[in-house]
Amino acid sequence: MGAIFRREVLSYFTSPIGYIFLAAFYAFSAFFFANSSLSAGSTSMDSMFSSLMIILVVLIPILTMRTMSEDKKTKTDQCLLTAPVSLGSIVTGKFLAAFLVYTCAVAVTLVYAIIIAGFASVDWLVIVGNIVGLELYGAAFIAVGIFCSSLTENQVVAAVIGFIVILALNMLSSIAALLPWEWLENILDEVSFYERYYGFTTGLFDLSNVLFFISAVVMFLFFTVRVLERRRWS
């Protein structure tokens, strides 16, 4: 797994993907920070974090679109599938590499908080809650994006599928509100990624929400392993 992880991290910075993702995240976060906090003279960063949720729906599919599809297109997946390493290790190594790049992006929000703290007191519990929530939220969507990437050899198609799936998961609560069946609405509210993330924005560390995102990561990585297993024996 270590070799896969190092290979994937290096690939993000020997291709434009890593730079594009980081540059886009930094640019949007700086804009939202300046617009919602600095210009308003507010110590609250809630608006910035809420806006970043929307941007991640687009950026994460870009980050993950090549994780599996590129190997499939270049046929290097045959080497991986026959290598003396488990499929779980391959998928986990790719996930951790993407998550590391994502964490480097999210880390800039802590810098913004420190800047504000230099001029006024801030509610660190809420800020840390937002950062932890954003990390878990992004981790789940990275796992979704990797799964979508395993379904095709075309990176653009992988990005489009990832965008659609992530958008749908993010809008489950909105979709639920349109349904006439209350029992189904309640179920969709429970599995809505947005609703699960919202608690973190108030500084509440609900263990059920943490376990929800971790379970989502494990589930979609498991789905990816199953796709690879089917390809190995086909």
Side-chain angles (χ1 to χ4, degrees), residues 1-25 53-83 85-106 134-172 193 213-234:
M1 185 177 73
I4 299 294
F5 171 75
R6 290 189 294 271
R7 169 180 174 265
E8 290 298 311
V9 171
L10 183 62
S11 70
Y12 277 114
F13 298 103
T14 54
S15 68
I17 298 298
Y19 298 105
I20 291 173
F21 175 79
L22 290 174
F25 188 96
M53 288 177 60
I54 300 172
I55 296 301
L56 288 177
V57 173
V58 177
L59 292 184
I60 286 183
I62 294 175
L63 178 67
T64 60
M65 66 182 184
R66 53 162 295 281
T67 49
M68 294 294 177
S69 59
E70 184 178 44
D71 288 334
K72 188 175 181 180
K73 183 177 181 179
T74 59
K75 306 303 180 184
T76 53
D77 63 328
Q78 299 301 319
C79 297
L80 289 175
L81 295 178
T82 56
V85 59
S86 68
L87 296 180
S89 295
I90 294 173
V91 173
T92 303
K94 288 176 176 288
F95 167 78
L96 291 177
F99 185 66
L100 176 62
V101 176
Y102 174 75
T103 299
C104 290
V106 173
L134 201 63
E135 282 282 277
L136 292 169
Y137 181 82
F141 282 155
I142 287 171
V144 172
I146 291 175
F147 168 68
C148 294
S149 180
S150 70
L151 301 176
T152 177
E153 66 178 30
N154 189 303
Q155 295 187 30
V156 176
V157 173
V160 172
I161 295 174
F163 170 75
I164 293 172
V165 174
I166 289 174
L167 182 63
L169 291 172
N170 207 42
M171 295 181 62
L172 283 178
F193 280 49
F213 284 115
I214 294 175
S215 298
V217 170
V218 173
M219 182 178 70
F220 280 101
L221 293 184
F222 173 76
F223 289 161
T224 305
V225 171
R226 296 297 296 171
V227 171
L228 294 182
E229 283 182 346
R230 184 175 180 179
R231 188 181 305 161
R232 169 182 278 180
W233 302 112
S234 62

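The first residue in the sequence is number 1, and the count goes up from there.
Across Phe213 and Ala140, no two heavy atoms sit closer than the pair CD2-CB, 3.9 Å. Annotation for Phe13 and Val9: closest pair CD1-O, 3.3 Å, computed over non-hydrogen atoms. Closest approach of Ala159 and Pro61 over heavy atoms only: O-CB, 3.4 Å. Among all heavy-atom pairs drawn from Met68 and Leu228, the shortest one is CE-CD1, 4.2 Å. The two residues Ala158 and Ser149 make their nearest non-hydrogen contact at CB-CA, 3.8 Å. Between Val157 and Asn154, the shortest heavy-atom contact is N-OD1, 3.1 Å.
With values rounded to the nearest 0.5 angstrom, Leu63 atom CG is found 8.5 Å from Ile146 atom CD1. Atom OG1 in Thr92 sits 10.5 Å away from atom CD1 in Ile4 (nearest 0.5 Å).
Side-chain atoms of Thr152 do not come within 3.5 Å of backbone N or O of Cys148 as any donor-acceptor pair. Panel note: side chain Ser11, backbone Glu8; a donor-acceptor pair is recorded below 3.5 Å.
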Exercise answer: donor-acceptor pairs, residues 161-172 side-chain atoms, under 3.5 Å, sequence neighbours excluded:
| unit_1 | atom_1 | unit_2 | atom_2 | d |
| --- | --- | --- | --- | --- |
| Asn170 | OD1 | Tyr137 | OH | 2.5 |
| Asn170 | ND2 | Tyr137 | OH | 3.3 |

May I have the list of side-chain donor-acceptor pairs in residues 98-106 shorter than 3.5 Å, sequence neighbours left out?
| unit_1 | atom_1 | unit_2 | atom_2 | d |
| --- | --- | --- | --- | --- |
| Tyr102 | OH | Leu134 | O | 2.6 |
| Thr103 | OG1 | Phe99 | O | 2.8 |
| Thr103 | OG1 | Glu135 | OE1 | 3.1 |

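By the 4.5 Å heavy-atom criterion applied to side chains, Ile142 and Phe95 are counted as neighbours.
By the salt bridge (Lys or Arg N to Asp or Glu O under 4.0 Å) test, Arg226 pairs with Glu229, sequence neighbours left out.
When each of Leu56, Ile55, Ile20 is tested with Phe25 by the rule side-chain contact (heavy atoms from CB on, under 4.5 Å), just one qualifies, namely Leu56.
A donor atom on one side chain and an acceptor atom on the other are not found under 3.5 Å apart for Thr64 and Thr67.
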(message) For a ring pair (Phe, Tyr, Trp, His ring centres under 6.0 Å) check, start with the C-alpha distance between Tyr12 and Phe21, then their side-chain angles and the critical distance, and finish with the verdict.
(response) CA-CA 10 Å; Tyr12 277 114; Phe21 175 79; 8.5 Å; no
